[in-house]
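Every chain is numbered from 1 and lettered A, B, ... according to where its sequence line falls, protein lines coming before strand lines.
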There are 2 protein chains.
Amino acid sequence: MSIFFSRQCEYALQSIIYLAQKKQGEMTTIKEISSHLNIPFHFLGKIFQKLSHKGLLHSMKGVSGGFWLAKPAEEIVLMDIIIAIDGSDIMNLCVLGYAECNGSSPCPMHNEWKTTKENFFASLSKKNILDVAKEIKKDGYRAA
Amino acid sequence: MSIFFSRQCEYALQSIIYLAQKKQGEMTTIKEISSHLNIPFHFLGKIFQKLSHKGLLHSMKGVSGGFWLAKPAEEIVLMDIIIAIDGSDIMNLCVLGYAECNGSSPCPMHNEWKTTKENFFASLSKKNILDVAKEIKKDGYRAA
DNA sequence: CGATAATCAGACAAATCCGTCTGAAATCGG
DNA sequence: CCGATTTCAGACGGATTTGTCTGATTATCG
């Protein structure tokens with residue numbers, strides 16, 4: 001597991017990156033994704049429900065149903081997925097766990113952590129999943 | 001809760017920083033720390049046991065017993081505490097959760113994440129708790 | 001020695017997160 | 001229409017982490 005994100009969030013990221021490797025609008029089933037990425041079937045179902053409710057995915061029931069990206073892949077950035085699943089609180093938590101830590105009353109690690117995390121979140125907000133999918137395909141990295 | 005560290009680890013960090021504000025070798029009870037920092041009494045007991053076993057704290061039983069730092073505060077860095085409680089695995093986990101991500105087979109966020117975490121862990125390894133304690137005292141930040 | 005107050009340690013309870021199971025609803029092909 | 005396959009949704013089980021309780025052990029002080 002990552003340090004940073006919940007397991008749900010990791011699964012969501014990997015799955016949406018998987019979808020981004022498909023042709024735009026192509027439908028894919030949970031079954032295919034869960035078996036390719038080794039994600040528990042029903043757990044992924046719940047995650048995709050949440051992503052649908054948040055407007056990142058569309059779905060269709062039935063024998064030839066499945067999920068597809070609600071927007072062109074180049075318009076979805078990694079940060080969108082993270083916020084949809086884990087929420088945006090993760091950007092404002094004190095790294096030492098002090099409840100009263102904030103900009104006006106910073107803990108001793110506040111400023112180091114602030115620049116560190118802002119840089120990282122910025123890069124997550126710049127990375128769209130089309131580019132990510134291309135990198136993965138190019139490197140043969142866990143390719144579909 | 002922090003993104004990064006377990007609750008145990010946060011409590012350990014806060015408590016040891018608290019101890020570092022005392023005179024060197026001064027003994028302090030769990031009771032005092034747990035009430036000042038709002039940490040569950042017995043939970044802190046277990047955390048301090050672990051820190052004792054790892055050699056960061058010394059302890060004495062009995063009516064005037066308590067805990068004190070095993071080394072001068074300037075020789076203990078935040079990273080020591082983190083590794084004692086959460087272990088050193090946290091430095092090598094893929095941020096997107098890919099099992100096969102590593103230096104020779106990097107995921108699309110691998111390099112960004114690498115610099116992010118290395119910078120941050122480096123600053124945690126530089127910060128000794130005497131300096132941290134001084135900053136806290138100076139700013140009146142959750143002072144004892 | 002006896003009362004008190006502290007750590008030590010193991011069992012246990014609660015909460016959270018992860019994962020499973022079951023059935024309903026919808027869609028398609030025959 | 002019927003059967004197959006898929007999403008949808010809620011209940012449930014399990015694992016891990018967090019937190020509680022109880023009693024044993026040890027040291028101090030009168």
Side-chain angles (χ1 to χ4, degrees), chain A residues 1-15 19 26-70 82 85-87 89-90 93 97 99, chain B residues 1-15 19 26-70 82 85-87 89-90 93 97 99:
Chain A
M1 186 166 86
S2 159
I3 327 177
F4 236 76
F5 307 127
S6 68
R7 200 149 247 166
Q8 278 193 51
C9 191
E10 293 180 8
Y11 290 159
L13 287 162
Q14 296 178 14
S15 299
L19 283 179
E26 185 179 339
M27 214 173 296
T28 310
T29 64
I30 295 178
K31 194 176 168 193
E32 174 184 337
I33 300 174
S34 71
S35 74
H36 270 91
L37 300 182
N38 258 304
I39 299 172
F41 179 81
H42 287 96
F43 197 29
L44 185 56
K46 302 205 159 291
I47 295 168
F48 269 27
Q49 280 175 36
K50 194 182 287 188
L51 291 170
S52 297
H53 293 151
K54 300 278 181 175
L56 288 174
L57 293 180
H58 286 151
S59 68
M60 207 173 63
K61 289 184 183 177
V63 64
S64 66
F67 292 86
W68 66 98
L69 296 176
I82 292 159
I85 300 294
D86 280 353
D89 291 349
I90 58 169
L93 294 171
Chain B
M1 189 167 84
S2 157
I3 327 176
F4 242 83
F5 308 126
S6 69
R7 201 148 247 165
Q8 278 193 49
C9 191
E10 293 179 9
Y11 290 158
L13 287 162
Q14 295 179 14
S15 300
L19 284 180
E26 185 179 339
M27 216 175 292
T28 310
T29 65
I30 295 178
K31 195 177 168 193
E32 175 185 335
I33 299 174
S34 73
S35 74
H36 269 91
L37 299 182
N38 257 306
I39 300 172
F41 179 81
H42 287 96
F43 197 30
L44 185 56
K46 300 203 163 294
I47 295 168
F48 269 27
Q49 279 175 38
K50 193 182 288 187
L51 291 170
S52 298
H53 292 149
K54 300 277 182 176
L56 288 173
L57 294 180
H58 286 152
S59 68
M60 207 174 62
K61 289 187 183 176
V63 63
S64 66
F67 291 86
W68 67 99
L69 297 176
I82 292 159
I85 299 294
D86 280 353
D89 291 349
I90 58 171
L93 295 170

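- Atom CH2 in W68(B) sits roughly 11 Å away from atom P in dT7(C) (whole-Å rounding).
- Atom-to-atom, CD of Q8(A) to P of dT16(C) comes out at 15 Å; the value is rounded to the nearest Å.
- For H58(A), the side-chain contact (heavy atoms from CB on, under 4.5 Å) criterion is met by W68(A), A70(A), not counting sequence neighbours.
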Criterion side-chain contact (heavy atoms from CB on, under 4.5 Å) on F48(A) and L19(A), from CA distance to verdict = CA-CA 12 Å; F48(A) 269 27; L19(A) 283 179; 4.3 Å; yes
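- Within a heavy-atom distance below 4.0 Å of DNA chain D, the residues of residues 57-65 of chain B found are K61(B), G62(B), V63(B), S64(B).
- The distance from atom CG of L44(A) to atom C1' of dT6(D) is 13 Å, rounded to the nearest whole Å.
- The side-chain heavy atoms of S15(B) and L44(B), taken from C-beta on, include a pair separated by under 4.5 Å.
- Among the atoms of the strands shown, only primed sugar atoms or phosphate atoms (P, OP1, OP2) are found under 4.0 Å from some heavy atom of F67(A).
- The separation between K31(A) atom NZ and dA4(D) atom P is 14 Å, rounded to whole Å.
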Verify side-chain contact (heavy atoms from CB on, under 4.5 Å) between F67(A) and L57(A), making sure each step is shown before the conclusion.
-> CA-CA 7 Å; F67(A) 292 86; L57(A) 293 180; 4.1 Å; yes
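- Distance CD1 (I85(B)) to P (dT17(D)): 13 Å, rounded to an integer number of Å.
- Side-chain N/O atoms of Y11(B) include none lying less than 4.0 angstrom from OP1 or OP2 on dT18(D).
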If you restrict it to nitrogen or oxygen atoms, what contacts under 3.5 Å exist between nucleotides 9-16 of chain D and the protein, and what is each distance?
unit_1	atom_1	unit_2	atom_2	d
dA9(D)	N7	Q49(A)	NE2	3.4
dG10(D)	N7	K46(A)	NZ	2.9
dG10(D)	O6	K46(A)	NZ	3.4

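- Closest contact between the side chain of P40(A) and the listed nucleotides dC18(C), dT20(C), dG19(D) involves dT20(C).
- Between the CG atom of D86(A) and the C1' atom of dT16(C) there is a distance of 14 Å, given to the nearest Å.
- Between the CZ atom of R7(B) and the P atom of dT16(C) there is a distance of 9 Å, given to the nearest Å.
- Every residue two or more places apart in sequence or in another chain was checked for a side-chain hydrogen bond (donor to acceptor under 3.5 Å, both in side chains) with K54(A), and none qualifies.
- The side chain to side chain donor-acceptor pair (under 3.5 Å) contacts involving residues 42-52 of chain A comprise Q8(A)-K50(A), where partners must be two or more places apart or lie in separate chains.
- Every side-chain contact (heavy atoms from CB on, under 4.5 Å) that K31(A) has, sequence neighbours left out, goes to T29(A), F41(A).
- Atom C1' of nucleotide dT7(D) and atom CZ of F43(A) are separated by 17 Å, given to the nearest angstrom.
- Nearest approach of D86(B) to F5(B), heavy atoms of both residues: OD2-CA, 3.5 Å.
- A 4.5 Å side-chain heavy-atom check between I85(A) and L51(A) finds at least one atom pair inside the cut-off.
- Among the nucleotides dT6(D), dA6(C), dT7(C), the one closest to any side-chain atom of F41(B) is dT7(C).
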